[in-house]
Amino acid sequence: MVSSVQAVARVAFLTADVLVDSLPPPPSTSDFTATYSSLSKSSTHKPRVISSPFGGDPGSTLIRNTANLTSFTTTASPQVLSRLVLHLGEISSLSVVLHLAVVDDLSDVLLLRSGVPFFLLSTTAQQAHDNALLAARLARLERKAVVHAFYSSTDDSAEEVSEEKIIPFLLSGKRPATPKATNGHVTPLNGVNGHTNGHSNGHSAGDDSYATSLFKQYEAAALDTLSVVRRPLRPFYARGSSEPHTVIITLGKDRLPTGFDSVDGVLYLSVALANPIPRSRLLSAIPSSVTRVIVLEQIYRWHSRWTPLYLEAVAALQERSTEQELSIQSGILGDLSQVQVPDIVQLLQKSSSSSSSRLLLGPVPPASSTTDVVPHMPKHESAYTKILSHLFDDRLEIANSPSLVASQGEIATTPEYALGRVRGQLDSRKELLSSVQELLQDGDLDQDLHALLSKWVLVKDDAAKSKALSKEVVERLEAASISHPAVNQILSLREFLPARSRWIIGSDAWSYDLGSSGLHHAIASGLDVNILILDTLPYSQRNNVDPHRRKHDVGLYAMNHGDVYVASVAVFSSYGQVLQALAEADAFKGPSVVLAYLPYQSEDASALEILKETKLAVDSGYWPLYRWNPSKEQAGKEPFSLDSDAVKNDLKQFLDRQNHLSQLVRSTPQMAADLVSNLGDTVKEARKKRAQEAYNALLTSLDAPPLLVLYASDGGAAEKKAKRLANRAKARGLTATIATLDSYTLETLADEEHVVFVTSTAGQGEPPQNGRTFFKSLNAAALRGDQPLSKVKFSVFAMGDSHYWPRPEDAHYYNKPGKDLDSRLEKLGAERFADIGLGDDQDADGSETGYKAWEPLVWKALGVDSVEVTEAEPEPITNEHIKAASGYLRGTISEGLQDFTTGALAASDTQLTKFHGIYQQDDRDIREERETQGVEPAYSFMIRVRMPGGVCKPDQWLQMDQIADEHGSGTFKITTRQTFQFHGVIKRHLKPAIQDINRVLLDTLAACGDVNRNVICSSIPTMSKLHEQVYEFAKEVSEHLIPQTTAYHEIWLDKKMVAGDALKDFEPLYGEFYLPRKFKIAIAVPPTNDVDVFANDLGFIAIVGDDGELQGFNVTIGGGMGVTHGNKKTYPRIGSLIGFCTPEQGKYVAEKVMLVQRDHGNRTDRKNARLKYTIDRMGLDVYKAEVEKLLGYELGAVRPYSFDRNVDDFGWHTGSDGKHHFTVFVENGRIQDEAGKEFKTGLREIAKVHKGTFRLTANQHLLVSDVADEDLEQIKGLLRKYKLDNLEFSGLRLSSSACVAFPTCGLAMAESERYLPILIDKVEKICEENGLRHDSIVMRMTGCPNGCARPYVAEIAFVGKAPGNYAMLLGGGYYGQRLNKIYRESVTEPEILAILRPMIKRYALERLEGERFGDFVIRAGYIAPTTEGRLWYENSGGEGVHREGAPVVAAAA
């Protein structure tokens, strides 16, 4: 029998990504725990389960752990629900389902009703199961919170939906909000058509539009749920008379008695949807014949006069159009299990006789009383209470002792009550002291009594002495015949004569809400009270709870007050330290907080288990032992004492962990210095600091003008120059300020005296993004003839590339923004104090050449050229610094993910996230618009999956499809690295997305960054056995070279693993600096070079024997595509063959090739850091020798092989094992649904039934692989249905490839993926005109020169330089064996078509048999061949009459 709790727990578990279970007070366990434990072992779905302890703040836990769907389960209680109410404003807009188990009273759960969009109520186990599914669907689809209240005790059993149906149900698309009848009218409630009460079947004018919208969403989700459970889900359930005079509306468990329908004229309406309730819908459920409505609600502790459903009914019935008189009454719905038909009749009679009194149907259960129940005290916690009793004996006073509950109620154990009790006791003692002092003023007082009372005043705070004197004081006062009123007062307060040790004992749950809890008031009170907080979370279970729990550190919180004693102790680690801490806390005059560790899961835990957990926690630094005594600081002593030796011995590593002490050190930095440095270093540092301050003060006192430095920069080069200039200005005593151009207006600039402008050049002589608004206002003012800058003195430094636009007609683009800025400022009245400086990337030192000549002019004009600056400039922060300081790729990524004030991460962290497979980007389509609005760019992230060999299982494909919808832009891309790439992932979704990827045994580690990236291999559909071998080899190499840091698992998967001897990261291959630049590996299987093996840093070319067996690999090194426009130090290069290795040697060869690059690569200039430059600098033979030296043997001789193409083989193929494969053409790898091309949907449907695999190709296409004979027709049918089998494309289009570029890539200079298909439309017409439709010509396009789509080995390539402008390259080898060369430095679309039209025509007419286009343009004299990468620039621009700038008359040749 499946109970309602079991049914709801199962649905919550199977539908959620994150599951928060609110625990009851100990020793009770959650009603849901057993189901979760069972499902965690048996279910394939594994949500992240977080336990929220009783007394914690579940609302903040829900907000921090947002996901596609978060489920919350609890048994309803005032404590839990009151905390949820505080967060409803935020929770209501999240995909959260709150499953609340109710016993017999809805009073508490209805408090949430008005704060959430949807409120469902289930009264049976079956309804609870169905509504749980409905709630999950509704919350996930509409991104709104749903409260699902259900009764934990029901008479029925639930029939459950199978697990495999639940996820497809959740992820299926939306249906129409409301079903339509055949006559065009909306089908009303319960399927009854017509106008029963004078209202239309739609929504009346009185309906709230928001409520109506929500109701439609509910209806749509209810219909979806109906298709799964095969049971209708309605907002109201009607039973009884069809022509009623009375309607009884019930909200609660309404188990009507047998024969209830015998009561004539009564319709019973049970409410299942308590919010929203559109008035028209409630009206349509009440027939027009009704004259009386009784609203019964199962709420026994409702303190306001009007109940919620009653108010809804009144509001709805006010709009009733009939003139018939109608009465509405409210009442309480009691326990209907004891109700008979006569009770219903009696209710109706009472309703007729009294219209004002509240009605009652069924007995109301008696309120549970707790005054005679003493709370359970866990036996292990007596370890600390016994120590307190031993230390303080009869003077121990526990202010919130459980024994008080019998007389004071449950409130007696709360911190608020305990603090009030202590305050009352301390006030009484003050009153006692005042009375004693008053009595001492009496001149008639007996001398001995006076001496006795005086002695008590002196020792009143001494435990032993005050106790001894107290008894004597009472005896003497009772025996003496003194008429002074103070005597009676003293005797009435006699219990306060002995000094007490007052303690409040609580759990760590009190620390969840420090800001508003009684614990905060106790800490801030200044009272002499001691607080003992027991933390029972076992060290081994620390990752199974809310990771933010340690954020609210009571110890740190208390220490920040400065007047609170704080100690962290563990009785099973150091008994002596516990005694010392408790004694010090008692002696401290003021608040004391003692954090006591007692790790156990249940009362059955043995002392040995607690000892082991304690040792792990203390030894690892998770629970440091320390004491903080502010009274010592007043005496000039060190207030902080560290008592755990393991922490002292490894403090630096410990401080990096998330624990109490690390937070303490961050709060008090000088403490960290004291602990990890010696006195001599501290003194030296202090002297150095004082000397620096004195020197800075001297410089700033010089009589020099202030300087404003404004910059505009896209790539960061101009920004670096500007910052360096500002720092140098400060070193010369100037008060320098730096900002972007767009942060200043002309009006604010007019108030400045000296301004320096630094700007780079973007696009076709355009200003950078963060300077365009300023340029617009500058141009507008110049057109008006204004001169607002007459007081401003300025100078400009401009940065550009004189060869970027080689044509004479484009020469004016060189440094155009800087030149325009210089002339406009002068026109607006500003005075030039130093001539414009021009930085040219073509100079020997790049822009630095011009800068060095310009900067001295600035210092001379400002009168500080004679100031000698001897201090070294700070070294610029580079990627090498970031990697070294990252703690093996950690940085501050975790902290940045929690900062939701910005959509971005810190600049240094964006370099580190690349190693985790993540690039930060922003939507460049709207970048300028957002800057105008004054908001930050629309930041998002690209995630790249690591998937060696590009083989993907159907369940992995479905997960990728789901991630794109739930976390990304709705589409995803197959990359040229044979893997998946997601765009548009916002920061809040980063972690859930990566966790979803890892759930299907994929990851993103090392998909980017200065490490070995995704290893790719040929797809070869016809050679099944060979593909399996090279695929396994690709995985083996990838796993061998994967970084070993645990940072990835800690940050993204919450799997921080620290044992007793804290584990330390170690990178055996990469070291702490990793590689100088990225490293790419490809494995090709001749005759197909579909992976462009020569374009990779390391390539393996499979050598197959005559028997078809893999013999080994030819090894090629030094390929690489990246280039920087105009920088001739950068160039593409194809790999060089260095030898042969066996499959067993392969991964070690890869390792040694990479290690030589690690040790010899250029780490000072990232533009020259790739392996190709290292080889050309060292020499190929030297590099090979270094590799063989590390291997310990020489590579074998290169073996014969041949390639004939690098394009994919489209269509159906049958492998050697009899399995079938279909290569799908996916233009530029974008998986999306378009009109007539529902590729995303089609591939999803195939993945649902496919029993084989998917293979991604390096040309961005897809193989549906390993299709068995019996499944062939089904797969063909799906391919046909979604037009995935359409291969009627031109050879040009089938051979094309493009990178992403705009709008997401931050490096893009021009369009690529969005533009190449448009260009191909036009070029393929030229091909068709010349009979070349089916001829393969490899054409590729990239938005920047970094070469992601491998353009430099294409026969025709276009590399973006500016929007609409591309460098055009010709002459690449058809199978990737030869680099192409720049044919035109800059072309637009009309020029591209004008160049290609005669060229393609000539190729069609003059080509040799089997001659490829790339070979033809070389033979025909259009372009010179590229023989090696270093000679790439030689003879660029065309050959002979085809050379750029040659007479036009030759164009027809």
Side-chain angles (χ1 to χ4, degrees), residues 947-957 974 978 1016-1035 1082-1091 1093 1101-1111 1143 1201-1226 1229 1231 1239 1242-1289 1291 1293-1295 1334 1336 1375:
M947 194 169 65
V951 175
C952 168
K953 298 176 183 177
D955 65 316
Q956 293 172 330
W957 182 279
I974 299 172
Q978 216 171 24
I1016 61 178
C1017 73
S1018 291
S1019 300
I1020 45 173
T1022 56
M1023 294 179 275
S1024 304
K1025 182 178 179 181
L1026 191 57
H1027 175 266
E1028 184 178 355
Q1029 290 175 321
V1030 296
Y1031 168 57
E1032 290 300 325
F1033 179 73
K1035 290 196 296 181
I1083 306 159
V1085 180
T1088 303
N1089 185 21
D1090 54 345
V1091 295
V1093 68
I1101 302 171
I1103 303 300
V1104 182
D1106 295 336
D1107 57 357
E1109 293 295 323
L1110 178 66
Q1111 295 182 342
Y1201 70 95
S1202 65
F1203 288 125
D1204 60 17
R1205 64 191 182 281
N1206 67 0
V1207 297
D1208 292 332
D1209 298 324
F1210 296 95
W1212 281 107
H1213 301 274
T1214 301
S1216 56
D1217 60 353
K1219 296 287 183 69
H1220 307 282
H1221 313 264
F1222 185 83
T1223 306
V1224 181
F1225 171 70
V1226 182
I1231 306 296
F1239 282 12
L1243 290 168
R1244 184 193 312 128
E1245 294 305 312
I1246 290 173
K1248 290 178 181 178
V1249 300
H1250 186 33
K1251 299 170 186 174
T1253 60
F1254 294 97
R1255 298 183 196 173
L1256 281 57
T1257 80
N1259 288 316
Q1260 301 176 290
H1261 304 301
L1262 175 71
L1263 274 76
V1264 181
S1265 286
D1266 302 311
V1267 181
D1269 289 339
E1270 60 269 22
D1271 301 319
L1272 187 59
E1273 289 307 314
Q1274 182 184 25
I1275 297 298
K1276 282 185 175 181
L1278 288 169
L1279 288 169
R1280 190 183 315 113
K1281 177 180 178 181
Y1282 293 99
K1283 301 181 181 178
L1284 288 162
D1285 62 348
N1286 180 18
L1287 298 175
E1288 293 302 314
F1289 300 103
R1293 191 175 297 273
L1294 291 171
S1295 308
H1334 298 294
S1336 173
Y1375 53 88

Under 30°, 30 to 60°, or over 60°: which ring-plane class applies to Phe1225 and Phe1289, parallel, tilted or perpendicular? tilted

Consider side-chain contact (heavy atoms from CB on, under 4.5 Å). Of Glu1028, Lys1035, His1027, which one does Val951 pass it with? His1027

Angle between ring planes, Tyr1201 versus Phe1203, binned at 30° and 60°: parallel, tilted or perpendicular? perpendicular

When you compare the side chain of Leu1256 with that of Leu1262, does any pair of heavy atoms fall below 4.5 Å? yes

Minimum heavy-atom distance between Arg1205 and Tyr1375, given as atom pair plus value: N-CB, 3.3 Å

Minimal non-hydrogen separation, Pro1086 against Ala1102, with atom names: CD-O, 3.2 Å

Would you check if the side chain of Gln1274 reaches a backbone N or O of Asp1271 as a donor-acceptor pair within less than 3.5 Å? no

Is there side-chain contact between Val1224 and Val1264, with at least one heavy-atom pair below 4.5 Å? yes

If you round to the nearest 0.5 Å, how far is NZ of Lys1219 from OG1 of Thr1253? 9.0 Å

How close do Ala1084 and Thr1088 get, heavy atom to heavy atom, and via which atoms? CB-O, 4.3 Å

Step-by-step side-chain contact (heavy atoms from CB on, under 4.5 Å) determination, Val1267 to His1250: CA-CA 8 Å; Val1267 181; His1250 186 33; 3.7 Å; yes

For Trp957 and Cys952, the nearest pair of non-hydrogen atoms, with its separation, is N-SG, 3.5 Å

Just wondering, are more than 12 heavy atoms of other shown residues or ligands nearer than 6.0 Å to CD in Glu1288? no

Distance in Å, Ile1083 CD1 paired with Phe1033 CZ, rounded so as to fall on 0.5 Å steps: 5.5 Å

State, with a plain yes or no, whether a side-chain heavy atom of Lys1025 is found less than 4.5 Å away from one of Leu1110. no

Would Asp1266 and His1221 count as a side-chain contact (heavy atoms from CB on, under 4.5 Å) here? Give the steps. CA-CA 6 Å; Asp1266 302 311; His1221 313 264; 3.5 Å; yes

So do the side chains of Ile1275 and Phe1222 get within less than 4.5 Å of each other, counting heavy atoms only? no

Report the distance from atom NE2 of His1220 to atom CG of Asp1269, rounding to the nearest 0.5 Å. 3.5 Å

Kindly indicate whether the side chain of Ser1216, heavy atoms from C-beta on, has any atom under 4.5 Å from the side chain of Ser1024. yes

To the nearest 0.5 Å, what is the distance between CZ (Phe1254) and CG (Leu1243)? 6.0 Å

Interatomic spacing from CZ in Phe1239 to CD1 in Ile1246 - rounded to 0.5 Å: 10.0 Å

Is the count of non-hydrogen atoms from other residues, nucleotides or ligands lying under 6.0 Å from Asp1107 atom CG greater than 12? yes

Could you tell me whether the side chain of Pro954 reaches within less than 4.5 Å of the side chain of Lys1248, counting heavy atoms only? no

Nearest heavy-atom contact between Gly949 and Cys1017 is CA-SG, 3.7 Å

If we only count heavy atoms from C-beta on, is the His1261 to Ile974 side-chain gap below 4.5 Å? no

No-hydrogen, no-angle side-chain donor-acceptor test under 3.5 Å, Ser1295 and Ser1336: yes

Could you measure the distance from the CD1 atom of Ile1101 to the OG atom of Ser1202? Nearest 0.5 Å is fine. 10.5 Å

Assess the side chains of Ser1265 and Arg1255: does a donor N or O sit below 3.5 Å from an acceptor N or O? yes

For Ser1018 and Asp1090, which I'm curious about, is there any donor-acceptor pair between the side chains at under 3.5 Å? yes

Using every non-hydrogen atom in the two residues, find where Ile1020 and Val1085 come nearest and quote the distance to one decimal. CD1-CG2, 3.7 Å

Under a 3.5 Å threshold, yes or no: a donor from one side chain and an acceptor from the other, between Thr1223 and Asp1208? no

Should Leu1272 and Trp1212 count as side-chain neighbours, where that means a heavy-atom distance under 4.5 Å? yes

By side chain to side chain contact (heavy atoms under 4.5 Å, CB included), Ala1258 pairs with (sequence neighbours left out) Ile1016, Val1091, Arg1350

